[in-house]
Asks: 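Here it is: the structure, laid out below.
Given the structure is predicted, the values throughout are model-derived calculations rather than measurements.
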Amino acid sequence: MSYGPEDFFGRPVQVLEMDGTFNNLQELVYVESQLSNTSTKFYGEMTQAMLKLADAPGSNNGTGLMQTLAAFAIRELYEKKAMAAKAKAAEAAATA
């Protein structure tokens with residue numbers, strides 16, 4: 001596993017590269033502590049999600065980690081869209 005700065009289309013980014021598997025998924029919390037902007041709601045949520053699916057294919061490698069991060073991003077987007085729709089409906093009801 002490696003982590004560090006790179007250039008992506010002229011913009012600075014931080015890249016996490018993973019080759020291999022996690023022998024102990026509970027140790028993923030150390031990786032989680034180094035990541036930012038993961039769309040988790042609390043520290044340890046990513047590790048908990050990975051542990052829940054410990055028997056699923058890819059759960060102990062980069063595939064499972066990426067799927068988990070994608071799921072959090074999708075949840076965040078859904079919650080933003082749902083909140084905006086709810087606010088719009090409340091505004092429409094208030095003006096009717």
Asks: For S39, enumerate each residue passing the side chain to side chain donor-acceptor pair (under 3.5 Å) test, keeping only those at least two apart in sequence or located in another chain.
Replies: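 S39 satisfies side chain to side chain donor-acceptor pair (under 3.5 Å) with E76 only.
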Asks: Is the shortest side-chain heavy-atom distance between T38 and E32 below 4.5 Å?
Replies: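 Heavy-atom side-chain distance check fails, nothing below 4.5 Å.
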Asks: Can you name the closest pair of heavy atoms from M50 and N61 and give their distance?
Replies: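 M50 and N61 have their closest heavy atoms at CE-O, 4.5 Å.
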Asks: Using residues 88-96 as the side-chain source, report each donor-acceptor pair under 3.5 Å to any protein atom, sequence neighbours left out, with the distance given to one decimal.
Replies:
residue : atom : partner : partner atom : Å
T95     : OG1  : E91     : O            : 3.2
T95     : OG1  : A92     : O            : 3.1

Asks: Provide the full list of side-chain hydrogen bond (donor to acceptor under 3.5 Å, both in side chains) pairs with a residue in residues 4-18, sequence neighbours left out, each pair given once.
Replies: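 Applying side-chain hydrogen bond (donor to acceptor under 3.5 Å, both in side chains) to every pair that reaches into residues 4-18, excluding sequence neighbours, yields S2-E17.
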Asks: Check side chain to side chain contact (heavy atoms under 4.5 Å, CB included) between L16 and all other residues, then give those that pass, not counting sequence neighbours.
Replies: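 Partners of L16 under the side chain to side chain contact (heavy atoms under 4.5 Å, CB included) test: M1, Y3, V31, L35, L65.
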Asks: According to side chain to side chain contact (heavy atoms under 4.5 Å, CB included), who are the partners of N23, at least two apart in sequence or on a separate chain?
Replies: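 N23 satisfies side chain to side chain contact (heavy atoms under 4.5 Å, CB included) with T21 only.
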Asks: Go through the steps to decide whether M46 and F72 satisfy the test side-chain contact (heavy atoms from CB on, under 4.5 Å), and finish with yes or no.
Replies: CA-CA 9 Å; M46 184 177 74; F72 290 139; 3.9 Å; yes
Asks: For S59, what residues pass the side chain to side chain donor-acceptor pair (under 3.5 Å) criterion, not counting sequence neighbours?
Replies: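 Partners of S59 by the side chain to side chain donor-acceptor pair (under 3.5 Å) criterion come out as none, since no residue qualifies.
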Asks: Through direct or indirect side-chain contacts below 4.5 angstrom among Ile, Leu, Val, Met, Phe, Trp and Tyr, which residues connect to Y43?
Replies: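 Hydrophobic cluster check, Y43: joined to V29, Y30.
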Asks: List the atom of R75, the atom of T40, and the distance in Å for their closest heavy-atom pair.
Replies: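 Distance-wise, the nearest heavy atoms are NH2-CA, 3.9 Å.
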Asks: Supply the atom-to-atom distance F22 CZ to L28 CG, rounded to the nearest 0.5 angstrom.
Replies: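 F22 CZ to L28 CG: 4.5 Å, rounded to 0.5 Å.
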Asks: Where do L25 and T47 come nearest, in terms of heavy atoms and distance?
Replies: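 What the structure gives for the nearest pair is O-CG2, 3.9 Å.
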Asks: For K41, which residues count as a salt bridge (charged side-chain N to carboxylate O under 4.0 Å, His left out) partner, sequence neighbours excluded?
Replies: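 Checked K41 against salt bridge (charged side-chain N to carboxylate O under 4.0 Å, His left out); matches are E79.
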Asks: Residues in side chain to side chain contact (heavy atoms under 4.5 Å, CB included) with F42, at least two apart?
Replies: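 Here the qualifying residues are E45, Q48.
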Asks: Do L53 and L51 sit in the same hydrophobic cluster, where Ile, Leu, Val, Met, Phe, Trp and Tyr count as joined when their side-chain heavy atoms come under 4.5 Å apart?
Replies: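 No, no single cluster joins them.
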Asks: Members other than F9 in its cluster, when Ile, Leu, Val, Met, Phe, Trp, Tyr link by side-chain heavy atoms under 4.5 Å?
Replies: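 Answer for F9: F8, V13, V15.
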Asks: Applying side chain to side chain donor-acceptor pair (under 3.5 Å), can you list everything that pairs with K81, at least two apart in sequence or on another chain?
Replies: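 For K81, no residue satisfies side chain to side chain donor-acceptor pair (under 3.5 Å) once neighbours in sequence are set aside.
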